[in-house]
There are 2 protein chains.
Amino acid sequence: MKRVGIKDVAREAGVSPTTVSLVLNGQSARIPDTTRDRVRRVATEIGYAPNSVARSLRTQRTHTIALISDRIATTPFAVEMVQAAQDVAREHGYLLLLVNTDGDHDVEREAVDALLSRQVDGMVYACMWSQVVDVPAGLPAGTVFLDGRPAGGGFPAVMPDDRAGAMAAVQELVDQGHTRIAYIDAGEEPVPIASRLRHEGYLEVLRRAGIEPDPSLRVEASITTAAGGVAAAGELLDRPPAQRPTAIFCFNDRVAMGAYRAARHRGLEIPTDLSVVGYDDQQFIAAELDPPLTTVALPHYEMGRWAMQVRLGVLAAPTENDGVHLMPCPLIRRESVAPPPAQHPAPAGDGE
Amino acid sequence: MKRVGIKDVAREAGVSPTTVSLVLNGQSARIPDTTRDRVRRVATEIGYAPNSVARSLRTQRTHTIALISDRIATTPFAVEMVQAAQDVAREHGYLLLLVNTDGDHDVEREAVDALLSRQVDGMVYACMWSQVVDVPAGLPAGTVFLDGRPAGGGFPAVMPDDRAGAMAAVQELVDQGHTRIAYIDAGEEPVPIASRLRHEGYLEVLRRAGIEPDPSLRVEASITTAAGGVAAAGELLDRPPAQRPTAIFCFNDRVAMGAYRAARHRGLEIPTDLSVVGYDDQQFIAAELDPPLTTVALPHYEMGRWAMQVRLGVLAAPTENDGVHLMPCPLIRRESVAPPPAQHPAPAGDGE
DNA sequence: TTGAAAGCGCTAACAC
DNA sequence: GTGTTAGCGCTTTCAA
């Protein structure tokens with residue numbers, strides 16, 4: 001049983017392959033309805049399905065976009081970027097070729113070559129941690145960077161607006177009356193771009209609020225497990241009252257989870273005794289903590305959409321800011337923030 | 001600047017395209033070394049890269065496998081299956097086409113057609129929750145089911161061995177001396193296959209241990225959030241001492257997280273006052289709980305590998321058990337299990 | 001040992 | 001309006 005081809009349809013319908021092609025590709029403006037309908041009917045009757053490979057060879061378009069990512073499994077929210085990219089691709093009749101390189105440059109190179117050889121119509125290069133990344137050799141022009149920026153620029157890129165996100169988080173704390181706000185920063189190599197950006201946002205809000213930043217309030221922690229947060233927050237909470245923070249802004253939700261634990265071990269209630277804000281809005285964590293964690297969401301889905309839309313030409317690539325689009329990170333208010341406890345007065349001279 | 005093709009290489013090397021093809025495809029057994037080397041040198045010099053589309057049209061093989069999944073973003077461990085499938089594909093020179101259908105049958109149908117039209121060499125159909133699934137129309141023979149089984153059979157499939165996994169979990173509890181072991185089951189529609197299987201495993205272990213199962217010890221909970229676990233475990237823990245369990249086997253880690261919370265609110269220590277075992281070994285949750293949760297791991301990576309290996313013919317499809325392969329779920333021992341507290345004696349007549 | 005020629009299934013000039 | 005023809009870039013008989 002042979003596959004049915006365009007010739008079979010043509011023969012059955014008593015027309016030429018050209019006519020079939022014209023009809024089936026919507027170019028049937030100049031073809032009478034009777035012919036058109038007959039061709040269509042025959043096509044479905046005999047179960048004709050065009051061979052995309054042949055079409056691609058002829059048209060030089062594969063309707064396929066490749067998504068190259070350095071890692072996909074290590075971070076659970078990464079899937080949202082893939083999901084978004086896939087959704088947009090599908091909306092526009094494209095298919096997604098997924099390649100995972102584990103950050104290995106050789107694999108990356110090979111992947112790019114293989115993809116090029118397959119004539120993909122475009123690529124999106126996704127980094128699962130916001131970073132400046134080396135551009136793989138041979139990466140075609142127009143490739144969109146997702147959650148990372150290419151060293152040297154030259155490609156459109158989308159990243160979370162970590163600075164603004166951090167500002168929203170810290171502002172929330174300031175608005176509640178906190179003045180001693182600690183920042184548990186990422187203490188691991190390589191330091192994520194986000195680390196610097198969020199710290200900047202943190203300082204900026206303090207500055208605007210007229211709060212003198214206390215450098216001792218910025219501590220570093222391992223950000224991969226809650227244990228890092230336990231240690232860092234513990235150190236902060238064990239300080240004498242005057243030097244102790246009343247609120248902690250954490251680099252991510254896992255660190256915040258550790259901060260919760262450190263607080264609990266010391267008999268401190270959240271948010272009455274200590275306010276905590278996280279970052280990431282990590283699925284199954286932020287909302288599930290007790291109390292639910294106020295945090296800043298990373299717009300992975302939106303970034304994924306943006307990247308694919310730009311790659312597909314649906315959205316224009318940004319011309320300003322070196323081609324980098326900053327996606328807003330919304331503050332998610334839950335129940336881990338409250339005004340500071342009364343027994344922690346504002347620094348000397350500022351009391352009522 | 002035109003793409004360089006096989007003809008260009010042939011011309012530069014002073015041979016025919018046939019020879020180039022032969023050399024570059026390793027069929028060069030009968031071609032003298034000098035010719036071979038020259039062809040290779042010229043090819044790299046002028047940067048020749050074969051056009052896979054043309055090759056596919058000719059050979060009728062695309063070296064592409066499609067992974068269709070009903071949903072990818074909703075469950076964070078799903079990525080491991082995708083990752084595994086991609087890894088295996090790459091190991092064998094294949095690329096992965098990823099399609100997400102959100103469980104929509106129309107989308108599924110369309111996707112299968114599009115994939116067939118693209119001449120993919122095979123498909124893997126992944127379900128993100130172990131279930132019996134309707135086979136999409138037109139799904140080609142040989143498609144492998146991943147984490148789900150096709151209604152009606154007829155396709156190779158791999159699923160977690162939930163029954164054995166549950167047995168390992170409950171056995172762990174029995175070994176520690178527990179006799180009043182509760183099971184917080186999934187209380188949502190549609191009831192996952194895993195629910196029945198794990199309950200069976202639970203009952204089987206009790207039976208073998210000579211423990212009369214107490215039906216009141218099986219309660220249902222919403223399994224999507226920790227809140228469901230809080231309520232179910234709370235109800236269990238508020239019972240009078242004689243009817244209260246000393247250990248809880250939870251349908252998943254999120255429920256276990258809720259059980260932790262319910263216990264803590266009642267001043268109960270884990271594992272001294274209450275032992276808890278989860279299921280899933282969910283990333284960033286199980287290991288991060290305080291104390292770290294003993295649980296059963298879902299072998300997503302292994303299942304993903306298996307599926308792709310079978311699809312690629314590297315592994316033979318199972319002939320027994322209706323083509324379904326059961327992947328072992330290892331017990332991950334952490335710190336949430338201990339012997340029951342002394343004040344809960346074994347049922348009357350069984351004391352020392 | 002190498003080359004000529006056919007053709008994978010389709011689309012698009014161009015002719016009629 | 002519709003058909004003829006010529007490829008897209010490669011592999012693979014078959015012949016030399």
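Just so it is clear: chains get the letters A, B, ... in the order the sequence lines come, proteins before strands, and each one is counted from 1.
One finds the CZ atom of A:Arg71 at 7.5 Å from the OG1 atom of A:Thr101 (value rounded to the nearest 0.5 Å). Rounding to the nearest 0.5 angstrom, the gap separating the OG1 atom in A:Thr143 from the CG atom in A:Leu115 is 9.5 Å. Taking SG from B:Cys127 and CE from B:Met81, the interatomic distance works out to 7.5 Å, rounded to the nearest 0.5 Å.
Regarding A:Lys7, its NZ atom lies at a distance of 10 Å from the C1' atom of C:dC10, rounded to whole Å. Put simply, CD1 on A:Ile6 is 5 Å from P on C:dT11, counting in whole angstrom units. Rounded to an integer number of Å, the gap from B:Arg118 CZ to C:dG9 C1' is 16 Å. The separation between B:His63 atom NE2 and D:dT11 atom C1' is 13 Å, rounded to whole Å. Per the geometry, CG belonging to B:Leu24 stands 10 Å off P belonging to D:dC10, to the nearest Å. Following rounding to the nearest Å, B:Asp37 (CG) and C:dT1 (P) show an atom-to-atom distance of 15 Å. Residue A:Leu22 contributes atom CG, which lies 15 Å from atom C1' of D:dT5 at whole-angstrom precision. A straight line from CG of A:Leu57 to P of D:dA6 spans 18 Å, rounded to a whole angstrom.
For D:dT2, the OP1/OP2 oxygens have no side-chain nitrogen or oxygen of A:Ser16 closer than 4.0 Å. Between A:Asn25 and C:dT11 there is a side-chain polar atom (N or O) within less than 4.0 angstrom of OP1 or OP2. At D:dG9, one or more side-chain N or O atoms of A:Gln60 fall inside 4.0 Å of OP1 or OP2 (strictly under the cut-off). For B:Ser21, no side-chain nitrogen or oxygen approaches OP1 or OP2 of D:dC10 to under 4.0 Å.
Looking at heavy-atom distances under 4.0 Å, B:Val53 makes no contact with the nucleic acid at all. Within the nucleic acid shown, A:Thr19 comes within 4.0 Å of sugar-phosphate atoms alone, with no base atom in reach, counting heavy atoms only. Using a 4.0 Å heavy-atom cutoff across all strands shown, A:Thr35 reaches sugar-phosphate atoms only and no base atom.
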(request) Please report the C-alpha distance between B:Asp87 and B:Tyr301 in whole Å, then the side-chain angles of each, then the deciding distance to 0.1 Å, and finally whether the side-chain hydrogen bond (donor to acceptor under 3.5 Å, both in side chains) criterion is met. (result) CA-CA 10 Å; B:Asp87 287 351; B:Tyr301 192 82; 2.4 Å; yes

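Ring geometry, B:Trp306 versus B:His325: the interplanar angle falls under 30°, so the pair is classed parallel (tilted spans 30 to 60°).
No hydrogens or angles were tested; on distance alone, a donor-acceptor pair under 3.5 Å links the side chain of A:Thr18 to the base of C:dA12.
Of the residues near DNA chain C, B:Gln119 and B:Gly14, the one whose nearest nucleotide (by heavy atom distance) lies more toward the 5' end is B:Gly14.
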